[in-house]
2 protein chains.
Amino acid sequence: MLDVKISAARRVEEALLESIAAGELEPGAHMDEVSIAERYGVSRTPVREALNRLAAQGVLVSGKKRGLFVAEYSREELGQMFEAMHEIEIACARIASQRLTFLARTEIEAAQSACMNAAESGDRSEYLRANEQFHLAIYRATGNPYMADIASEFRRRTGPFRAKKFLDADDLIKSAKNHEGLIADIFSEDSATATDGMRNHMTLSFLEALKAN
Amino acid sequence: MLDVKISAARRVEEALLESIAAGELEPGAHMDEVSIAERYGVSRTPVREALNRLAAQGVLVSGKKRGLFVAEYSREELGQMFEAMHEIEIACARIASQRLTFLARTEIEAAQSACMNAAESGDRSEYLRANEQFHLAIYRATGNPYMADIASEFRRRTGPFRAKKFLDADDLIKSAKNHEGLIADIFSEDSATATDGMRNHMTLSFLEALKAN
DNA sequence: TGCGGTTTTTTTGTATGCAATATAAAAAAG
DNA sequence: CTTTTTTATATTGCATACAAAAAAACCGCA
């Protein structure tokens with residue numbers, strides 16, 4: 001019942017995304033249709049579909065030469081990407097603070113305690129997942145799936161760069177602690193407070209990401 | 001020099017997008033690969049590519065039945081989509097006001113005078129184009145292509161619903177006049193003023209779209 | 001060696017055919 | 001007459017083949 005039939009195209013898409021996020025496929029790498037097809041044991045058709053989808057997500061880009069390449073970002077582009085994420089997250093925080101439901105509140109709190117647990121046990125990859133869920137909970141709290149979608153998309157795209165900043169257990173604890181203030185600001189249900197809270201959080205987060213890249 | 005070699009897949013994509021925006025393809029319509037292929041005189045392969053790309057843009061969605069369908073929005077979803085666009089445009093206006101370059105200023109002014117011309121001559125489709133350019137100029141003025149991209153994307157998605165509000169020449173003139181205030185607010189180079197200006201503009205725009213849908 | 005033009009190779013874009021499967025239609029059971 | 005089961009049809013997903021275009025390799029010549 002749980003082995004959902006998944007198309008080859010999707011499988012390839014997921015696998016490539018994973019490879020890119022893990023750094024196996026370096027930025028600027030050329031995505032050759034035939035070699036990918038051979039590697040995953042499928043024909044070029046589903047590979048092309050996967051590549052197109054990844055291109056639409058901005059994970060792949062078309063450079064000067066023909067074909068698609070793993071997107072690579074200059075320091076400036078990275079800054080712009082973070083700025084955009086910044087703006088959207090701030091808007092999400094503000095909207096969420098105005099519409100907070102019991103469900104949303106509970107989800108955010110649950111996600112935060114998962115973060116704390118992961119941080120205290122020093123489980124880096126678990127913390128990354130929990131932190132993701134924490135932010136997703138805030139996005140959902142806006143009650144606006146469109147806002148949530150673009151916020152998630154930027155989070156995915158900046159993921160590889162943000163991940164680098166969590167080096168040891170202390171970083172995790174510090175990050176988790178940081179959430180507390182943000183939660184308080186959003187739960188205050190005051191627009192300005194929520195906005196400032198998220199602005200703080202994101203600026204801090206960006207600063208650390210900058211150091212690591 | 002202007003007849004850029006364009007792939008069949010892109011041609012089909014553009015054509016379909018146009019058809020949807022023009023309302024020829026109604027929301028909820030099933031996109032049949034073979035009939036589309038026949039209509040445009042190509043094989044199914046480029047059609048599939050076009051459909052995938054449109055699906056990635058949110059123009060097409062996959063419902064319960066198999067295949068892709070023209071996205072249809074409930075009143076609530078429409079509101080959420082406009083809210084998201086609203087937030088992003090406001091952020092763009094604020095950033096633009098802080099970073100205004102001579103080039104950006106000039107582009108915005110040029111776009112606006114094109115709007116006025118189209119409005120005065122009562123050319124509806126030309127006004128739609130010019131208005132598009134006006135907003136794109138503001139997006140570009142942020143200096144942040146990522147912000148500009150998501151703003152453009154929402155503008156595309158809401159396009160069909162906004163277009164309905166321009167019924168006669170008076171609507172065009174009113175809309176164009178409205179730009180003037182917005183421009184002044186952005187050119188003030190004051191964040192709060194620019195934010196409020198865009199908020200006003202978007203709220204008004206949404207109100208009229210609501211009436212027309 | 002460096003350069004312009006030509007040829008070869010590689011890679012992408014498109015067409016087509018086949019197999020799998022969801023949906024619709026028809027037939028059988030209740 | 002309704003519901004279930006079976007059959008048929010339509011449509012998608014994938015593989016393969018071919019055509020076209022671009023990039024790379026090649027070659028003569030200065």
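Since the structure is predicted, the reported quantities are computational estimates derived from the model, not experimental observations. Letters A, B, ... are given to chains in the order of the sequence lines, protein chains preceding strands, and every chain is numbered from 1.
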Undergrad: If I take atom NE2 from residue B/His179 and atom CZ from residue B/Phe134, how far apart are they, to the nearest 0.5 angstrom?
TA: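 B/His179 NE2 to B/Phe134 CZ: 4.5 Å, rounded to 0.5 Å.
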
Undergrad: Please work out if A/Glu33 contacts a base, only the sugar-phosphate, or nothing of the nucleic acid, heavy-atom cut-off 4.0 Å.
TA: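 Result for A/Glu33 = sugar-phosphate.
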
Undergrad: Distance alone, cut at 3.5 Å: any donor-acceptor contact between the side chains of B/Asn144 and A/Glu83?
TA: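 Present: a donor and an acceptor within the cut-off.
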
Undergrad: Looking at D/dT12, D/dC14, C/dT14, which one has an atom nearest to any side-chain atom of A/Ala9?
TA: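 Between D/dT12, D/dC14, C/dT14, the one nearest the side chain of A/Ala9 would be D/dC14.
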
Undergrad: In whole angstrom, give the distance that lies between atom NE2 of A/His30 and atom C1' of D/dA24.
TA: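 Going from NE2 in A/His30 over to C1' in D/dA24 covers 13 Å.
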
Undergrad: I want to verify a distance call: between D/dC14, D/dA24, C/dT14, whose nearest atom is closest to the A/Lys65 side chain?
TA: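 Within the option list, the nearest is D/dA24.
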
Undergrad: I need the CD-P distance between B/Glu49 and D/dT12, as an integer number of Å.
TA: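 Nearest whole value for this atom pair: 17 Å.
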
Undergrad: With a 4.0 Å cut-off on heavy atoms, is B/Ser7 in touch with a base, just the backbone sugar-phosphate, or nothing at all?
TA: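 B/Ser7: backbone/sugar contact only, no base atoms under 4.0 Å.
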
Undergrad: Taking the six-membered ring for Trp and the full ring for Phe, Tyr or His, determine whether the centres of A/His201 and A/His86 are under 6.0 Å apart.
TA: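 Here the rings of A/His86 and A/His201 have centres that are no less than 6.0 Å from each other.
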
Undergrad: Distance-only, no hydrogens or angles: does the B/Arg44 side chain make a donor-acceptor pair with backbone N or O of B/Glu33 under 3.5 Å?
TA: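 Side chain of B/Arg44 to backbone of B/Glu33, a donor-acceptor pair under 3.5 Å: no, none is there.
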
Undergrad: When only distance counts, do a donor and an acceptor, one from the side chain of A/Arg10 and one from the base of D/dG13, lie under 3.5 Å apart?
TA: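 A donor-acceptor contact between them is absent.
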
Undergrad: When you get a sec, tell me which of D/dC14, C/dG13, D/dA15 is the closest nucleotide to the side chain of A/Val42?
TA: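 Selected nucleotide (nearest to the side chain): D/dA15.
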
Undergrad: Would you state whether a donor and an acceptor, one from the side chain of A/Arg66 and one from the base of C/dT12, lie under 3.5 Å apart?
TA: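 Result: no qualifying N/O pair found.
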
Undergrad: Within the side chain of B/Gln112, is there an N or O that forms a donor-acceptor pair under 3.5 Å with the backbone of B/Ala176?
TA: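 Yes: the side chain of B/Gln112 pairs with the backbone of B/Ala176.
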
Undergrad: Within this structure, what is the CD1-to-P distance between A/Ile6 and D/dG13, rounded to whole angstrom?
TA: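 Interatomic distance, CD1 of A/Ile6 to P of D/dG13: 12 Å.
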
Undergrad: Atom OH of B/Tyr40 to atom P of C/dT14: distance rounded to whole Å?
TA: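 After rounding, the gap between these two atoms is 15 Å.
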
Undergrad: For A/Glu38 and D/dT16, what is the distance between atoms CD and P respectively, to the nearest whole Å?
TA: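 Rounding to the nearest Å, CD of A/Glu38 and P of D/dT16 are 12 Å apart.
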
Undergrad: Tell me which nucleotide among C/dT23, C/dT16, C/dG13 gets nearest to the side chain of A/Arg48.
TA: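 Looking only at side-chain atoms, A/Arg48 lies closest to C/dG13.
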
Undergrad: What is the distance from CG of B/Leu68 to P of C/dA22, rounded to the nearest Å?
TA: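 Value for this atom pair: 16 Å.
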
Undergrad: Among D/dT12, C/dT12, C/dA15, which is the nearest nucleotide to the side chain of A/Asp32?
TA: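 It is C/dT12.
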
Undergrad: Rounded to whole Å, please give me the gap between CG in A/Leu51 and P in D/dC14.
TA: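 Answer to the nearest Å: 14 Å.
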
Undergrad: Measure from CZ on A/Arg44 to P on D/dC18 and round the result to the nearest Å.
TA: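 These atoms are roughly 14 Å apart.
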
Undergrad: On DNA chain D, check which nucleotide each of B/Thr45 and B/Val34 is closest to and give me the residue with the more 5' one.
TA: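 The residue closer to the strand's 5' end, by nearest nucleotide, is B/Val34.
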
